[in-house]
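What follows is a short report on a single structure.
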Amino acid sequence: MDEWGPEKVIAVSDTKTGMKGVLVIDNTSRGVGKGGTRMQPTVDVEEIARLARVMTWKWAVVDLFHGGAKAGVQADPESPHKEEILRSFVRKLSGEVPAEYVFGLDMGLTEDDAAIINDELGDRGASVGTPHALGGVPYDQLGVTGFGVAEAADEAAALQHLRGARVAIQGFGAVGHAAAARLDELGYQVVAISTAAGAIADPTGLDVPALLSRRHEVGDHLVDDFPDLRIEPGEELYVDAEIVVPAALQDVIDGRGASALRAQLVVEGANLPTSPQAQEILRERGVSVVPDFVANAGGVVSAAFAMEARYSPFRPETDAIFATVSEKLRANTAQILQEARSRSVTTHQAARALAQERVGEAMRLRGRSLPR
Ligand code: NAD
């Protein structure tokens with residue numbers, strides 16, 4: 001809790017289904033609270049509050065008018081009682097949804113769950129992330145976040161004369177595979193990729209279309225097809241490549257990793273892949289970093305389109321989503337890299353400062369007291 005928020009924290013439970021959950025509305029000075037809904041056995045109030053704060057900054061950095069919020073249900077998404085628990089959770093929040101908060105997808109919730117939420121509240125606009133058949137925007141399937149990561153990478157690469165350079169990508173899931181596809185299309189040479197099943201590298205370049213089609217068939221096990229190209233898991237970040245895209249886990253580059261990295265550009269597809277110490281070391285070494293909430297903001301741009309489409313009888317136009325993601329992420333990447341350089345701060349610090357300036361201005365205009 002600080003001067004930015006949260007504005008509202010609601011913990012709910014129900015002994016009949018065993019449901020326990022929380023909604024945190026962090027800051028709505030720029031618009032209605034919007035952020036995904038997480039279901040995991042370990043969810044707690046602090047985790048959801050931190051994620052709600054990240055959403056406040058993400059919306060402000062992409063300059064879209066929604067506020068930061070997040071919801072979490074402490075339950076196993078594999079539970080046979082998932083639907084009952086979810087219905088109980090959203091029923092308890094019917095006073096806040098959709099006026100102050102709109103549900104969405106995060107870990108543990110699928111498009112089918114979003115459809116259940118809307119059914120329970122009798123409101124087509126209670127949740128975004130619903131299936132295409134219900135007029136929703138299936139943004140993971142479309143690969144919008146990964147596309148945006150590649151667009152941000154291309155913009156940053158152009159500033160460093162690295163267009164068409166070698167790229168290593170950690171993670172080949174929703175974000176990683178779509179980033180690889182777009183980078184390949186833009187003429188980059190993908191020299192390493194990894195999944196939870198292992199990592200592969202080829203200094204002469206991997207065949208990205210072949211990897212994409214194998215992923216479609218066998219998922220993470222696509223790496224098993226290339227026994228001769230196997231490298232140690234984690235090494236994909238340190239191969240000889242000008243650009244590195246961590247797109248799997250958080251906390252993968254610490255201070256030591258930052259000193260060992262060979263790349264000249266890091267584009268954060270995953271959330272929180274670098275520690276603050278790593279960010280500082282990379283800055284001192286002259287390695288550019290496109291921060292997570294700039295590079296992976298394709299997800300929030302898609303969510304903004306999904307918010308628009310909630311009550312529309314027309315299917316959302318996906319071309320417009322890709323065009324907006326490209327335009328916004330390229331502009332933000334250039335602005336943040338430039339500001340960080342001119343103020344001698346890390347790109348994360350520059351991005352956070354920009355977000356705080358925008359949220360602070362909105363609070364001032366609404367007559368709310370300003371954080372000191
Ligand atoms: P995902 O589950 O679709 O894919 C994760 C990928 O990482 C898989 O290929 C998995 O095999 C791989 N992986 C897991 N452990 C690994 C390891 N130890 N080494 C190498 N690879 C490993 O998840 P996603 O949606 O692609 O999300 C990836 C990251 O991007 C997360 O940090 C997520 O928070 C962030 N993100 C995702 C979106 C989105 O729209 N999906 C938006 C913003 C941020």
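Whatever order the structure lists ligands and atoms in, that order sets their numbers, starting from 1.
Applying the side chain to side chain donor-acceptor pair (under 3.5 Å) definition to pairs two or more places apart or across chains, those involving residues 67-86 are K70-D106, H81-E84, K82-D113, E83-R87. Applying the ring pair (Phe, Tyr, Trp, His ring centres under 6.0 Å) test to pairs two or more places apart or on separate chains, those with a residue in residues 314-343 are F147-F322.
Separating the CD atom in Q264 from the CD atom in E242 is a distance of 6.0 Å, to the nearest 0.5 Å.
Heavy atoms of other residues, nucleotides or ligands lying less than 6.0 angstrom from CD of E46 number 12 at most.
Protein residues with a heavy atom closer than 4.0 Å to ligand 1 are D140, T145, Q170, G171, F172, G173, A174, V175, S194, T195, A196, D220, A247, A248, L249, G269, A270, N271, N296, listed by chain and number.
Side-chain contact between D240 and V191 is absent, with no heavy-atom pair separated by less than 4.5 Å.
Clustering of Ile, Leu, Val, Met, Phe, Trp and Tyr by side-chain heavy atoms under 4.5 Å joins Y238 with L237, V244, L249, V252, I253, L261, V266, L282, V287, V289.
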